[in-house]
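Heads up: the structure comes next, in structure tokens.
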Amino acid sequence: MSEPLPAPRISDLARSRGPGGVDQGTPDYLAGLNPEQREAVETTEGPVLVLAGAGTGKTRVLTTRLAHILATGRARPWELLVVTFTNKAAREMRERITALIGPSAEGLRWLGTFHSVAAQILRRHAELVGLKSSFTILDTDDQERLLKQLLEAANIDTKRWTPKSLSGLIDHWKNRGWTPEKLPPSEDFANGKGHALYAAYQARLATLNACDFGDLLLHNLTILSKHADLAEEYRRRFRYILVDEYQDTNVAQYLWLRLLSSSTGNVCCVGDDDQSIYGWRGAEVDNILRFEKDFPGARIVKLERNYRSTSHILGAASALISANKDRLGKTLWTEDQSGDKVRVRGVWDGEAESRLIADEIETARRPHAGEPGLKYKDMAVLVRASFQMRAFEERFVLLAIPYVVIGGPRFFERAEIRDAHAYLRLIQSEDDDLAFERIVNVPKRGIGETSVQKILQIARHNGVSAMTAVRDLITSDELQARTRTALSTFVRDFDRWRALAADTRHWSLTEIVLEESGYTDMQKADRTTGQTRLDNLKELVQAMQSFETLGAYLEHVSLVMDLDRGAGDDAVQIMTLHGAKGLEFPLVFLPGWEEGVFPSQRSIDEKGEKGLEEERRLAYVGVTRAKQDARISFAANRLVYGRWTSQLPSRFVDELPMAHVEAESDTGYYGASAGMKEAKSRWDDTPVFGSGYSSPGWQRAQAYTAKQSPTDRPARKALIEGEGRLIATADPKAGGNWARGERVFHQKFGYGNVRVIEGNKLLIEFEKAGEKRVIDTFVEKVT
DNA sequence: GATGCTAGGTTTTTT
DNA sequence: ACCTAGCATC
């Protein structure tokens, strides 16, 4: 179906030349591929599913396949549709293809994330769904504020029915490909109001000429299914389609792909059903399990030779994943026969666990038996949930082990960055009411909530933007004189900045705006977080410099919600298992393998057997990140949300085969298989930390944190005068662990501070009564 | 608009 | 145990 096309730059690559420039027949880029990999690369016509196990060279196959298609003249770069999930994956793919075929890779204009490609298509046909091609893309924050207004307008209790949950629900609906018209009646929110709210939200988005992330795909679906001619045009345009991480596609993405391809087309999906870990955000493993039905006669290529891990690591991982029922089934193998067994350790509590891991990190760094030691960055601690990270951070700080936490709050989601963006958006377009609302009183300029509501109300009533309404209001007498003055300054500032924008580079404009608006001053006044925020803003100004225009910058950030910041120095990586997908490390630590923590209880409660299988895939992903060594650990006692809880080892520990595991425990439990019964009974008899204290008369004193309280808040005072320990709580219902400097409340004597602790005795001094009381109780974990 | 306090929530995360 | 939104009060 494709006639060969001239591809000048690429043809250099297509054939390797011997020393004398003699054509040897086999293209360079195919050299070194194993037979399966080669099949995956060379099966270019018709549908193909590449099942790529962990560490089987997937990215290499993917990029080589693209290079092959281009090099053999089957298509030109702009005739390829290549979609990934993350910007990082898209970027990496582009880089690697460029390395293979040179600058002609720039022609790959349809290579990107699902959302960025969908956005490109939507911009071309926006009018078909009632948008202008200049539509803005809202982030979750904008979304939630908009929904809050709608909920309030509909008189719905936003505490019981939070904007957040509605936003999550709408997102879920969009992921399933449901527009308000197609929403099944069984789906609902706030007792029968779900459908109307969803429709109202979409209508509001349309008036704002905006859409959210889900809409990018959803509008595509509407356009492509209603306009068969357009869909056909795209199907013709995309001669070859390639989808990465197919196991993570949701229904909307799946439908989108179906509309852009035909069932006999050249569609290549790459994925691994065993690594599907995003079911909770709409991914359908079924998409990959069903591939052969969707694309009859599809070729299935399994990549099973692993180039990453030792045989023990693979053995442990394979045994684990074999406990899952819903899978296509692959058996990874390796020629590597070196390496140690996976080590499993049971320890007393979370603290012992972090101590153990820190020790092992230091040991691994030391040269041993002629082998050089590992670097910090060769090691990673992979946790199930982020609350588990803190224990490691504390330990690493204490021992001066350098570490980085990967993940955490993302750059463009930080409040200060969003504030800055809101200023810029409002300068760029006066109609951006959401931006207006966000910063009209940030920093405080005497425009209270009441005035803002009034402005918005009038704006909506008159069908104009908030900024226009403000211009009218300044000249009327509907607002207090003081508010009017504040507003006219506000408007004047923006007029000035807008004029300035014409002949100022956008990053300088940003600096000027932040300075003149008083935003920088506001942050400087905040001693707790101000400096970090100012640093972030500086980074923002820096980042803006690589964009031509303000518009280009804003389009970029709305799709790419993070900055690719430097990989950093030599440091141990701490991250969640989800965050570790696609990465590899010589030495991997997998702490917290306890029932309820991992597998997560909530996952099992909500999704039952399916949830458990996904947790197991997560365990599989974790173990297969390791190249040389994997170390699993679990604790008998753990502090979870401030409560000491006794823990049982994860069922995943039991599923590990002794042949590939070496287990040992400080507390009586030996982990895998052999001697399990006896070991388990010993574990069950192990005494657990006593915890909890309660006594009549004591009430909970609310904890304040440095972030929440400025220096003059009571808790803060105690922090400064006391021993540097933050105020904790003493909750008679829950029991609590008290420490020096902690603040407590007694019905009779009021607030008091814990001054001295000796053994089990507490001395508490009360502020008002001048009372001193000695409390005899069981105290532990005193710092 | 600042302050004091309470209630509610806390798996995983991309775009 | 900790954080944050939001209420009541000054």
Side-chain angles (χ1 to χ4, degrees), chain A residues 83-90 112-119 137-140 148 158-160 162-165 168 171 174-175 211-217 245 248 250 252-253 277-283 382-388 390 407-410 412-413 441 444-450 557-562 575-581 592 596-607 611 614-615 618 621 639-644 699-710 712-715 726-731 734-737 739 742 745 781:
Chain A
V83 279
T84 64
F85 272 83
T86 63
N87 289 295
K88 198 176 155 208
T113 62
F114 274 98
H115 290 85
S116 68
V117 174
I137 301 166
L138 302 189
D139 60 24
T140 41
K148 193 171 177 208
T158 51
K159 276 197 159 158
R160 180 147 150 61
T162 61
K164 212 192 186 73
S165 54
D171 198 50
K174 290 183 175 175
N175 283 342
C211 66
D212 61 22
F213 280 115
D215 282 337
L216 294 175
L217 279 153
E245 305 280 11
D248 287 336
N250 61 36
Q253 287 158 338
I277 55 175
Y278 286 109
W280 51 273
R281 66 173 200 221
L382 310 183
V383 296
R384 174 63 182 84
S386 50
F387 75 85
Q388 296 170 272
R390 219 183 63 199
R410 291 183 312 148
F412 288 118
E413 281 169 13
N441 202 28
K444 300 259 188 307
R445 36 176 81 90
I447 304 162
E449 192 50 33
T450 334
V557 294
S558 51
L559 282 171
V560 183
M561 290 298 288
D562 216 346
M575 62 184 93
T576 63
L577 287 160
H578 285 90
K581 182 143 163 228
V597 175
F598 187 41
S600 146
Q601 191 56 49
R602 201 158 146 181
S603 190
I604 297 173
D605 289 349
E606 284 170 12
K607 294 276 217 56
E614 182 154 316
E615 295 287 302
L618 213 40
V621 167
L639 205 47
V640 183
Y641 295 135
R643 312 265 134 108
W644 278 104
Q699 276 184 16
R700 176 174 168 158
Q702 181 80 38
Y704 288 103
T705 57
K707 203 176 178 187
Q708 180 188 15
S709 52
D712 54 350
R713 295 240 176 169
L726 216 53
I727 311 305
T729 66
D731 182 350
N737 302 310
E742 279 178 7
F745 185 79
K781 296 266 152 196

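Just so it is clear, the values below take in all heavy atoms, side chains as well, and ignore hydrogens, waters and symmetry mates. Below, chains carry the letters A, B, ... as their sequence lines are ordered, and counting in each starts from 1.
- Remark: A/Glu615 pairs with A/Arg384 by the salt bridge (charged side-chain N to carboxylate O under 4.0 Å, His left out) rule, at least two apart or across chains.
- Distance CG (A/Leu217) to P (B/dT14): 17 Å, rounded to an integer number of Å.
- Contacts of A/Lys164 with the nucleic acid, taken as non-hydrogen atoms under 4.0 Å apart, are absent.
- Put simply, CG on A/Asn441 is 5 Å from P on B/dG1, counting in whole angstrom units.
- Between A/Asn87 and B/dT14 there is no side-chain N or O to OP1 or OP2 distance below 4.0 Å.
- For the pair A/Asn175 CG and B/dT13 P, the interatomic distance rounds to 17 Å; values are reported in whole Å.
- Among the nucleotides B/dT14, B/dG1, C/dC2, the one closest to any side-chain atom of A/Lys444 is B/dG1.
- The side chain to side chain donor-acceptor pair (under 3.5 Å) test with A/Lys581 singles out one residue from A/Asp248, A/Thr86, A/Thr576, and that residue is A/Asp248.
- With sequence neighbours left out, the side-chain contact (heavy atoms from CB on, under 4.5 Å) criterion links A/Asp212 to A/Gln143, A/Lys174, A/Tyr201, A/Leu205, A/Asp215.
- Here A/Val117 pairs with A/Leu81, A/Val83, A/Trp110, A/Ile121, A/Trp256 under the side-chain contact (heavy atoms from CB on, under 4.5 Å) rule; sequence neighbours left out.
- Partners of A/Lys164 by side-chain contact (heavy atoms from CB on, under 4.5 Å), not counting sequence neighbours, listed by chain and number: A/Glu144, A/Thr162.
- Among residues two or more places apart in sequence or in another chain, the ring pair (Phe, Tyr, Trp, His ring centres under 6.0 Å) test is passed with A/Phe85 by A/Phe114.
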Would you list the protein and nucleotides 10-12 of chain B atom pairs, both N or O, that sit under 3.5 Å from each other?
from, atom 1, to, atom 2, distance (Å)
B/dT11, OP1, A/Arg602, NH1, 2.2
B/dT11, OP2, A/Arg602, NH1, 3.2
B/dT11, OP2, A/Tyr641, OH, 3.4
B/dT11, O2, A/Arg384, NH1, 3.0
B/dT11, O2, A/Arg384, NH2, 2.3
B/dT11, O4, A/Glu606, OE1, 3.4
B/dT12, OP1, A/Ser386, N, 2.7
B/dT12, OP1, A/Ser386, OG, 2.4
B/dT12, O4', A/Arg384, NH1, 3.2
B/dT12, O2, A/Trp280, NE1, 3.3
B/dT12, O2, A/Arg384, NH2, 3.1

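- For A/Met575 and B/dT14, the CE to P distance is 12 Å, given to the nearest whole Å.
- Atoms CZ (A/Phe213) and P (B/dT15) sit 8 Å apart, rounded to a whole Å.
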